[in-house]
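Report on the following structure.
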Amino acid sequence: MTILVTGAAGFIGSNFVLDWLNQSKEDVVSLDLLTYAGNLENLCSLNDNPHHHFVQGDIGDRNLVSSLLEKYQVRAIVNFAAESHVDRSILEPTDFIGTNILGTYNLLESARIYCNNLDQNLKQDFRFLHISSDEVYGSLSSSDPPSNERDSYKPNSPYSASKAAGDHLVRAWFQTYKLPVFTVNSANNYGPYQFPEKLIPLCILNALQGKPLPIYGDGQQIRDWLYVKDHCAAIREILKHGQIGETYNVGGWSEKTNLEVVESLCSILDALKLKSNSKSYANQITFVKDRLGHDKRYAIDASKLERELNWKPEETFETGLRKTVLWYLENEAWMHHVVSGEYQHWIQKQYS
Ligand code: NAD
Ligand code: TYD
């Protein structure tokens, strides 16, 4: 059997594919458009693996997706493909609407038609797992409980609105057509292979290069942080034992202000790679202009997943962050390849 993983050359997708092939007998077809965020180097350890097949293409290309589903007799689709960066969505939302809404719609339609034509046995096993975000629940106040699966959607950024729209389509394809779906809304992920436009890898890179560590506004915004491997484990569990049609929140039970995140990161770097002048990397922290419409707080109540599927995160923020910093220190070549060309252009535009 084979699963189709979309967005497989991105951050979470590549971690998922690498972990999957370590643990499962099922083959993987990786579909990725290779946008600026897609990086085949993330999957290069699979170059000689006969159980992995990479295809460059768009989730919105119905002919391509349908032919892959047929050719590989796909048993499940895991949809990571998305435009994922809030700041980019604020500057230019078009691709977010295209991939996160229309792309998801096209993928659902390809899956529906394929699934309808399957034999009864294969149909019973088919699953469509859609990856989404805690940002769809909108901003919480400091006294609100963490978001749970019954909370209403109140997205605020073009990114979160596009993810929310995709989630609604997934729900509708279950309610209307009985496509066997799951929706997974996760907290902020961090770990190996994350593109350094996001807070943690950006600050690791800038710290090592002696550049400012940019904190938007006062740095008091709160995010819940989830180590990417814990997220991948939760997805595997949901695919195996989840209840069809259900939504599952995945979080790290680890709320931190952005300033706390960057300060923790600096202490780990101070311990692992002291600067030649013996000063702390924390001296590089620089407060910069705030993000437009910056949501104050996201937090995830992941108790449903623990109660029903016995999943909880293995890493604390402290252990996960240390692993992450070590990975970036040990993979400087990966970082150097990633930060060429288009990346420089983005940094200039965003932080000038
Ligand atoms: P990413 O930006 O690192 O990777 C996205 C991947 O999708 C890239 O490889 C890109 O080339 C590919 N892609 C983009 N458009 C495509 C298209 N039209 N067709 C095929 N491939 C396409 O993102 P990520 O951080 O790995 O996020 C993966 C998923 O998880 C996204 O759906 C995102 O919304 C969701 N999510 C991310 C986080 C996080 O903290 N990173 C948190 C919650 C949810
Ligand atoms: P980010 O990693 O972009 O993820 P998201 O916007 O999906 O939560 O940002 C995490 C938090 O860090 C968010 O509150 C914005 C903030 N941030 C900064 O303060 N400085 C930065 O340079 C970046 C990229 C983010």
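Start at 1 with the first residue, then count along the sequence. Read the numbers this way: they start at 1 and go in the same order the structure lists the ligands and their atoms. What you see is a predicted model, and the numbers here were worked out from it, not measured in a lab.
Taking the six-membered ring where tryptophan is involved, the planes of Tyr153 and His168 are tilted, since the angle between them lies from 30° to 60°. In this pair, Trp225 and Tyr190 present their aromatic rings perpendicular. The plane angle is above 60°, beyond the 30 to 60° band. Ring planes of Phe96 and Tyr159: perpendicular class, angle over 60° (limits at 30 and 60°).
Distances below 4.0 Å separate heavy atoms of Gly38 from the following atoms of ligand 1: 8 (C), 9 (O), 11 (O). Atoms of ligand 2 lying under 4.0 Å from any heavy atom of Ile215, numbered from 1 in the order shown and given with element: 19 (O). The ligand atoms of ligand 2 that sit less than 4.0 angstrom from a heavy atom of His85 are 3 (O). Interface atoms of ligand 1 facing Ala81, defined by a heavy-atom separation under 4.0 Å, are 7 (O), 20 (C), 21 (N), 22 (C). Taking a cut-off of under 4.0 Å to the non-hydrogen atoms of Gly7, the atoms of ligand 1 that pass are 6 (C), 7 (O), 12 (C). Numbered from 1 in the order shown, with element, the atoms of ligand 1 that lie under 4.0 Å from a heavy atom of Gly57 read 19 (N), 20 (C). Less than 4.0 angstrom separates some heavy atom of Asn188 from each of these atoms of ligand 1: 40 (O). Near Asp58, meaning under 4.0 Å from one of its heavy atoms, ligand 1 places the atoms 17 (C), 18 (N), 19 (N).
When only non-hydrogen protein atoms are considered, atom 35 (C) of ligand 1 lies nearest to Ile131 CG2, 3.8 Å. Nearest non-hydrogen protein atom to atom 4 (O) of ligand 2 is Asn188 ND2, 3.4 Å. Looking at atom 19 (N) of ligand 1, its nearest protein heavy atom turns out to be Ile59 N, 3.0 Å. What sits closest to atom 14 (O) of ligand 2 on the protein, heavy atoms only, is His294 NE2, 2.7 Å. In terms of protein heavy atoms, atom 33 (C) of ligand 1 is closest to Tyr159 OH, 3.5 Å. In this structure, the protein non-hydrogen atom closest to atom 22 (O) of ligand 2 is Tyr351 OH, 2.6 Å. Looking only at heavy atoms of the protein, atom 21 (N) of ligand 1 is closest to Leu33 N, 3.1 Å. In terms of protein heavy atoms, atom 11 (C) of ligand 2 is closest to Asn258 OD1, 3.4 Å. Looking at atom 3 (O) of ligand 2, its nearest protein heavy atom turns out to be Arg291 NH2, 3.1 Å. Scanning the protein heavy atoms around atom 3 (O) of ligand 1, the nearest turns out to be Phe11 N, 3.0 Å. At the top of the distance list for atom 2 (O) of ligand 2, counting protein heavy atoms only, stands Leu199 N, 2.9 Å. Protein heavy atom closest to atom 25 (C) of ligand 2, with residue, atom name and distance, is Tyr216 CE1, 3.6 Å. Among protein heavy atoms, atom 28 (C) of ligand 1 sits closest to Phe80 O, 3.4 Å. For atom 43 (C) of ligand 1, the nearest non-hydrogen atom of the protein is Ser186 OG, 3.2 Å. Looking from atom 7 (O) of ligand 2 to the surrounding protein, the closest heavy atom is Glu135 OE2, 2.6 Å.
Heavy atoms of Ala8 found under 4.0 angstrom from ligand 1: none, in either backbone or side chain. Proximity of Asp295 to ligand 2, defined as any heavy-atom pair under 4.0 Å, is not found for any part of the residue. Contact annotation for His85 and ligand 1: no heavy atom of the residue comes within less than 4.0 Å of the ligand. At a heavy-atom cutoff of 4.0 Å, ligand 1 is contacted by no atom of Asp95, backbone or side chain.
Side chains of Ser30 and His53: no donor on one and acceptor on the other come within 3.5 Å. Checking Gln221 against Tyr216 by side-chain atom types alone, no donor-acceptor pair falls below 3.5 Å. Side-chain contact, Asp230 with Trp311: no donor N or O sits under 3.5 Å from an acceptor N or O. Using modelled atom types and a 3.5 Å distance limit, the side chains of Asn249 and Tyr137 yield a donor-acceptor pair. Of the N and O atoms on the side chains of Glu315 and Thr319, at least one donor lies less than 3.5 Å from an acceptor on the other residue. A side-chain donor-acceptor contact under 3.5 Å links Ser84 and Lys198.
For ligand 1, the polar-atom distance check finds an N/O of Thr35 within less than 3.5 Å of one of the ligand's N/O atoms. Every N/O-N/O distance between Leu31 and ligand 1 stays at or above 3.5 Å. Residue Asp32 has at least one nitrogen or oxygen atom sitting less than 3.5 Å from a nitrogen or oxygen atom of ligand 1, judged on distance alone. In terms of polar-atom proximity, Asn39 is not counted as a contact of ligand 1, lacking any N or O under 3.5 Å from an N or O of the ligand. For Ile12, a nitrogen or oxygen atom sits less than 3.5 Å from a nitrogen or oxygen atom of ligand 1, counting backbone and side chain alike. Considering backbone and side-chain atoms alike, Gly10 places an N or O below 3.5 Å from some N or O of ligand 1. Looking at ligand 1, you'll find an N or O of Lys163 within less than 3.5 Å of one of its N or O atoms. Below 3.5 Å of separation, one finds an N or O of Thr99 facing an N or O of ligand 1. Residue Asn189 has at least one N or O atom closer than 3.5 Å to an N or O atom of ligand 1.
The shortest distance between side-chain heavy atoms of Trp173 and Arg171 does not fall below 4.5 Å.
Residue contacts with ligand 2: Tyr159 is excluded, as none of its non-hydrogen atoms falls under 4.0 Å. Residue-ligand proximity: Ser132 is placed with a non-hydrogen atom under 4.0 Å from ligand 1. Ligand 1 has Ala187 within reach: a non-hydrogen atom of the residue lies less than 4.0 Å from it.
Remark: aromatic rings of Trp327 and Tyr193 are close, center separation under 6.0 Å. In this structure, Tyr114 has its ring center closer than 6.0 angstrom to the ring center of Phe126. Checked against the 6.0 Å centroid criterion, the rings of Phe11 and Phe195 do not qualify as a close aromatic pair.
Counting only distance, with no hydrogens or angles, the side chain of Glu92 and the backbone of Thr94 share a donor-acceptor pair below 3.5 Å. Looking only at distances, no side-chain donor or acceptor of Asn100 sits under 3.5 Å from a matching main-chain atom of Ser162. With hydrogens and angles disregarded, no donor-acceptor distance shorter than 3.5 Å links the side chain of Asn283 to the backbone of Lys279. Of the possible donor and acceptor atoms, one in the side chain of Lys163 sits under 3.5 Å from a partner among the backbone N and O of Ile131. When atom types are taken as modelled, the side chain of Asp295 and the backbone of Arg297 share no donor-acceptor pair closer than 3.5 angstrom. With hydrogens and angles disregarded, a donor-acceptor distance shorter than 3.5 Å links the side chain of Glu260 to the backbone of Thr257.
Atom 5 (C) of ligand 1 has its nearest heavy-atom neighbour, among Ala37, Ser84, Ala9, Ala82, in Ala82.
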Tell me, with the steps shown, if Asn148 and Lys304 meet side-chain contact (heavy atoms from CB on, under 4.5 Å).
CA-CA 8 Å; Asn148 70 53; Lys304 172 174 171 180; over 6 Å; no
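The minimum heavy-atom distance linking Asn79 with Ala81 is given by the pair OD1-N, 3.3 Å.
Salt-bridge formation is detected for the pair Glu26/Arg75: a Lys NZ or Arg NE/NH1/NH2 atom is positioned less than 4.0 Å from an Asp or Glu carboxylate oxygen.
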